[in-house]
Protein chains: 2
Amino acid sequence: MKTIEELLESKGIRVTAMRLLIYKFLTEKQVAVRLSDIENSFDKADRTTLYRTIKTFEEKDIVHQIDDGTGITKYALCEKGCNCEIETDLHLHFHCNNCNETVCLTEHKIPQIKVPDGFVSENVNLVVKGICDKCSGQ
Amino acid sequence: MKTIEELLESKGIRVTAMRLLIYKFLTEKQVAVRLSDIENSFDKADRTTLYRTIKTFEEKDIVHQIDDGTGITKYALCEKGCNCEIETDLHLHFHCNNCNETVCLTEHKIPQIKVPDGFVSENVNLVVKGICDKCSGQ
DNA sequence: ACAATAAATGCACTTCCTTTGCATTGATTA
DNA sequence: TAATCAATGCAAAGGAAGTGCATTTATTGT
Ligand SMILES: [Mn+2]
Ligand SMILES: [Mn+2]
Ligand SMILES: [Zn+2]
Ligand SMILES: [Zn+2]
């Protein structure tokens, strides 16, 4: 079991107190978070630092960005071996219209999508909206 | 063949000069447009009027909104018989990473997406990104 | 045709999120 | 220890979405 410090270093990211805190926050949350979610969870956290930290994490494939249609970009930790760049690896995301939370359905890959001749598919974003398991009451 | 005036009236929308212009602009464009695209295509057009016009069109199912992941909402005319509210009718959208344009692939419906037990799917947004037919050069 | 009424438009302003510039602090290396 | 580079914090800019209100334009009833 790798420590967080080791993980960050293995990705070429310097370990800082802030980065450890943000990473820890992401592991504890089971849902995709907005920048403001992180901001509100810390007393003295600067938006800019959060922003740049999450961008660093994104570049190094530690988190991936999620556009769930709310207009606010969210982020979630990549699973072990999550190759977000590879189309065939892409999982789908679920946005709950009730509790407004967005989760990664890591086990559910996006099916192969046929596009017309002449079009080249490089990437697919699929968001399902509805009622999540917590809110559907079973 | 219905005139634009007749179409608008049949949907319960009053005909105005601005609305005709905007509708015409949408028919001529073969791609999804941003509010600012419309704004820039007219000399003396107020953002608010465009905004409210497009919202009116949206309510009356004349256009549908497209979230292609660029962070800017786009709009495109609904095809004849496009029931945007019905999940099974939803077509997919293609965003070109080269020319940055987004098109409706009206003929290509979104396949049935399986979600885990407890989750209820009400709506699906699917955007394919890649290279469009114009840009792929064939 | 005219007055009364309602809808559409234009202007100004607000809010929210994202992004950048720059000075400062902190860590790393020679 | 000095020089160098990365991370942080503050401030401000930018872009898009949305709202309030006064004005113009269209519709309706007399
Ligand atoms: Mn995910
Ligand atoms: Mn469409
Ligand atoms: Zn929920
Ligand atoms: Zn293209």
Side-chain angles (χ1 to χ4, degrees), chain A residues 4-26 32-60 62-76 95 100-102, chain B residues 4-25 32-60 62-76 95 100 102:
Chain A
I4 301 179
E5 282 91 342
E6 286 167 342
L7 175 80
L8 292 183
E9 273 166 3
S10 75
K11 296 266 189 178
I13 300 175
R14 285 200 164 76
V15 176
T16 68
M18 205 67 229
R19 289 173 174 175
L20 286 173
L21 281 174
I22 294 175
Y23 189 95
K24 202 149 163 293
F25 176 77
L26 290 171
V33 298
R34 310 181 295 179
L35 232 38
S36 61
D37 292 330
I38 312 181
E39 196 186 353
N40 295 333
S41 75
F42 299 118
D43 279 344
K44 57 176 203 88
D46 185 69
R47 257 200 324 279
T48 315
T49 305
L50 299 179
Y51 173 74
R52 289 200 259 236
T53 299
I54 216 81
K55 286 293 167 196
T56 301
F57 283 3
E58 200 184 352
E59 278 167 23
K60 299 300 169 66
I62 286 187
V63 302
H64 60 278
Q65 196 171 329
I66 300 163
D67 174 12
D68 62 7
T70 56
I72 298 161
T73 49
K74 295 182 180 174
Y75 301 89
H95 176 78
N100 226 36
E101 289 191 337
T102 298
Chain B
I4 301 178
E5 283 89 341
E6 287 167 341
L7 174 80
L8 292 182
E9 273 168 1
S10 75
K11 296 267 190 178
I13 300 175
R14 283 201 164 79
V15 177
T16 69
M18 205 67 230
R19 288 173 175 174
L20 286 173
L21 282 175
I22 294 175
Y23 189 94
K24 201 147 163 292
F25 177 77
V33 298
R34 310 181 294 179
L35 233 36
S36 61
D37 292 331
I38 312 180
E39 194 185 354
N40 294 333
S41 75
F42 299 116
D43 279 343
K44 57 175 204 89
D46 184 69
R47 261 202 325 280
T48 314
T49 306
L50 299 179
Y51 173 74
R52 290 198 259 237
T53 299
I54 217 79
K55 287 294 165 195
T56 302
F57 283 2
E58 201 185 352
E59 277 166 25
K60 298 298 170 64
I62 285 187
V63 302
H64 61 279
Q65 196 172 330
I66 300 164
D67 173 13
D68 62 8
T70 57
I72 299 159
T73 49
K74 296 183 179 171
Y75 301 88
H95 176 77
N100 225 36
T102 298

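Computed from a predicted structure; not experimentally measured. Below, all heavy atoms of this structure are taken into account, side chains as well, without hydrogens, waters or symmetry copies. In what follows, every chain begins at residue 1, and chains take the letters A, B, ... in the order their sequences are listed.
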Contact letters for nucleotides 14-20 of chain C, in which S counts primed atoms plus P, OP1 and OP2 and B counts the base, heavy atoms under 4.0 Å: ---SBBB
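One interatomic measurement links the two molecules: NZ of B:Lys60 to C1' of C:dA7, which rounds to 12 Å at whole-angstrom precision. Going from atom CD1 of B:Ile13 over to atom P of C:dA8 covers 9 Å, rounded to whole Å. As rounded to whole Å, 13 Å separates atom P of D:dA16 from atom CD1 of B:Ile38. The interatomic distance linking B:Ile22 (CD1) with C:dT9 (C1') rounds to 11 Å, in whole Å. C:dA27 atom P lies 13 Å from atom CZ of A:Arg19, rounded to whole Å. Rounded to whole Å, atom P of C:dA27 lies 14 Å from atom CD of A:Glu9. Atom CG of B:Leu8 is separated from atom P of C:dA7 by 17 Å (rounded to the nearest Å). Distance CG (A:Asp46) to P (C:dT25): 15 Å, rounded to an integer number of Å.
Between A:Ile54 and A:Ile38, the closest side-chain pair of non-hydrogen atoms falls below 4.5 Å. Proximity of B:Phe25 to B:Leu50: side-chain heavy atoms (C-beta onward) are nowhere separated by under 4.5 Å. Side-chain contact check for A:Asp67 versus A:Lys74: every heavy-atom pair is 4.5 Å or farther apart.
Here the shortest heavy-atom pairing between A:Arg19 and A:Phe57 reads O-CZ, 3.8 Å.
With sequence neighbours left out, the salt bridge (charged side-chain N to carboxylate O under 4.0 Å, His left out) criterion links B:Lys11 to no other residue. Annotation: salt bridge (charged side-chain N to carboxylate O under 4.0 Å, His left out) contacts of A:Glu58 (sequence neighbours excluded): A:Lys55. B:Lys60 pairs by the salt bridge (charged side-chain N to carboxylate O under 4.0 Å, His left out) definition with nothing, not counting sequence neighbours.
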Where do N or O atoms of nucleotides 25-28 of chain D meet protein N or O atoms at under 3.5 Å, pair by pair?
none

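Results of the side chain to side chain contact (heavy atoms under 4.5 Å, CB included) test with A:Val33 over A:Ile66, A:Leu26, A:Asn40, A:Ile22 single out A:Leu26 as the only residue that passes.
Of the candidate nucleotides C:dC11, D:dT8, C:dT9, D:dT8 has the atom nearest to the side chain of A:Thr49.
Residue pairs meeting the salt bridge (charged side-chain N to carboxylate O under 4.0 Å, His left out) criterion with at least one partner in residues 33-45 of chain A, sequence neighbours excluded, are A:Arg34-A:Asp37, A:Glu39-A:Arg47.
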